[in-house]
2 protein chains.
Amino acid sequence: MPAETAPSLADVLRARGLRLTAQRQLVLEAVQRLGHATPEQVHQAVCRTAAGVNITTIYRTLELLEGLGLVTHTHLSHGAPTYHVPGERSHLHLVCHRCGAIEEAPLSLMHPLAEQLRTDRGFSLDIGHMALFGTCAACAAEEES
Amino acid sequence: MPAETAPSLADVLRARGLRLTAQRQLVLEAVQRLGHATPEQVHQAVCRTAAGVNITTIYRTLELLEGLGLVTHTHLSHGAPTYHVPGERSHLHLVCHRCGAIEEAPLSLMHPLAEQLRTDRGFSLDIGHMALFGTCAACAAEEES
DNA sequence: GTTAGTGCAAATTTTTTGCATCGGT
DNA sequence: ACCGATGCAAAAAATTTGCACTAAC
């Protein structure tokens, strides 16, 4: 088990004098399980276990967890922020601007670029989850006709 | 002057039986000039020339222009879609998740990756404008402390 | 003269905020 | 018991839709 990947929620919270609540556990768990999900989707997932949880709490909790470094968000396709656990289930998203399809690709494709950015400008690419936009093979074929 | 970069708005519209209006000209012009801008910013820019233009028209026109391939949108940092002319003023955006800073980098960094994606999976990366997320040098330094 | 395009207002959708209550420590 | 966290309702943003009027063709 990798040492840095498992800072327990309880510990992180306690370290800052924050409280461990069922909602926070559920939200983190949902984000981990879903891989990448919008606040809406997290809400639905959480509600499947604890029906009464308010959407407001989801937003507040996601924001908190992000501040704590336990989750991050990126923007896949259309205006919907999606949250995920850094380093977990890592892969690239190739989002087709034309048909909206999302395919996944191995993260290793990014390594050379990540390396160069770090060397050249000290910028550490978040390669946890990453969205790249373009035109998928199918749509590219159509456009040529 | 590159041949493919200048399909006149009038021509594109006429080809589809659509009408050339002042608003459409102004919106396209604003997107070109601003480089990358949210609907809101486009609205403000347009209103500086033609005060009465409604935000609704901005949304509708951006959608139309995107359908015509004259502009595209991507999501920089926080939930705000930004529109730009494909191939124009091209550069990478490096968005810092921590402090929100956006720095620009030359597009050439992406070429190897773009090449590989096209070869491997037929995916044409939209390298017109592109946002990469991560931690900037300044924030990375802070985090180490 | 036709009919697409625009402006306006209202409806939706998404996210944020204020405040009383509840529950972790 | 204290004070942070939650739920609820309402506010604030952001985006979309319906419809009558204007203007491009």
Side-chain angles (χ1 to χ4, degrees), chain A residues 8-31 36-47 49-68 70-71 73-83 100, chain B residues 8-31 36-47 49-68 70-71 73-83 100:
Chain A
S8 124
L9 174 60
D11 294 342
V12 175
L13 289 173
R14 211 167 312 140
R16 309 218 182 184
L18 301 173
R19 294 173 185 173
L20 177 62
T21 65
Q23 289 88 333
R24 288 173 178 176
Q25 293 176 289
L26 289 166
V27 168
L28 180 55
E29 207 173 87
V31 172
H36 50 91
T38 64
E40 205 74 17
Q41 293 172 319
V42 172
H43 184 216
Q44 291 190 310
V46 168
C47 282
T49 309
V53 179
N54 196 285
I55 182 75
T56 303
T57 300
I58 305 295
Y59 278 104
R60 285 194 281 227
T61 303
L62 286 173
E63 193 184 336
L64 175 78
L65 294 177
E66 184 156 37
L68 295 174
L70 296 175
V71 306
H73 80 275
T74 52
H75 297 274
L76 295 183
S77 65
H78 198 74
T82 65
Y83 288 80
Chain B
S8 125
L9 174 59
D11 293 343
V12 176
L13 289 174
R14 211 166 313 141
R16 309 217 183 185
L18 300 172
R19 294 174 186 175
L20 177 63
T21 65
Q23 289 87 333
R24 288 173 179 177
Q25 291 176 291
L26 288 166
V27 168
L28 179 55
E29 205 173 88
V31 172
H36 49 91
T38 63
E40 205 73 19
Q41 293 171 319
V42 172
H43 184 215
Q44 291 190 311
V46 168
C47 282
T49 308
V53 179
N54 197 283
I55 182 77
T56 303
T57 300
I58 304 294
Y59 279 105
R60 285 194 282 226
T61 302
L62 286 172
E63 194 183 336
L64 174 77
L65 294 177
E66 184 157 37
L68 295 174
L70 296 175
V71 307
H73 80 275
T74 52
H75 296 274
L76 295 183
S77 66
H78 198 75
T82 66
Y83 288 80

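- Looking at heavy-atom distances under 4.0 Å, B:Leu20 makes contact with sugar-phosphate atoms alone, never a base.
- When distances are taken from the side chain of A:Thr56 to each of C:dT6, D:dC8, D:dT6, the shortest belongs to D:dC8.
- A:His43 has its NE2 atom 13 Å from the P atom of C:dT15, to the nearest Å.
- B:Glu40 comes within 4.0 angstrom of no nucleic acid atom, judged by non-hydrogen atoms across all strands.
- Taking atom CD on B:Glu63 and atom P on C:dA4, their separation rounds to 17 Å, with Å as the unit.
- A donor-acceptor distance shorter than 3.5 angstrom exists from the side chain of B:Glu66 to the backbone of B:His73, with no hydrogens or angles considered.
- We find that CZ of A:Arg19 is positioned 9 Å from P of C:dG24, with the value rounded to whole Å.
- Candidate nucleotides D:dG4, C:dT16, D:dC8 were compared by shortest atom distance to the side chain of A:Tyr59, and C:dT16 ranks first.
- Per the geometry, CD belonging to A:Glu66 stands 13 Å off P belonging to C:dT15, to the nearest Å.
- Closest approach of A:Ile58 to A:Pro39, counting heavy atoms only: CG2-O, 3.7 Å.
- Backbone-only engagement by A:Arg24 is indicated by non-hydrogen atom pairs under 4.0 Å involving sugar-phosphate atoms exclusively.
- If you check every strand for non-hydrogen atoms under 4.0 Å, A:Gly52 touches sugar and phosphate atoms only.
- In this structure, the CG atom of B:Leu9 is 14 Å from the C1' atom of C:dG5, given to the nearest Å.
- Here the P atom of nucleotide D:dA10 and the CD1 atom of A:Ile55 are 18 Å apart, to the nearest Å.
- You'll find that the side chain of B:Thr21 is closest to D:dA24, out of D:dA5, C:dG7, D:dA24.
- Dashed line: the shortest gap from a side-chain N or O of B:Gln23 to OP1 or OP2 of C:dG7 is under 4.0 Å.
- Between atom OG of residue A:Ser8 and atom CG of residue A:Leu13 there is a gap of 8.0 Å, rounded to the nearest 0.5 Å.
- Look at CZ on B:Arg60: it is 11 Å from P on D:dG18, rounded to the nearest Å.
- Considering every non-hydrogen atom in both A:Cys47 and A:Val53, the closest pair reads SG-O, 3.6 Å.
- D:dT16 atom C1' lies 14 Å from atom CG of B:Leu62, rounded to whole Å.
- The distance from the NE2 atom of A:His43 to the CG atom of A:Asn54 is 6.0 Å, given to the nearest 0.5 Å.
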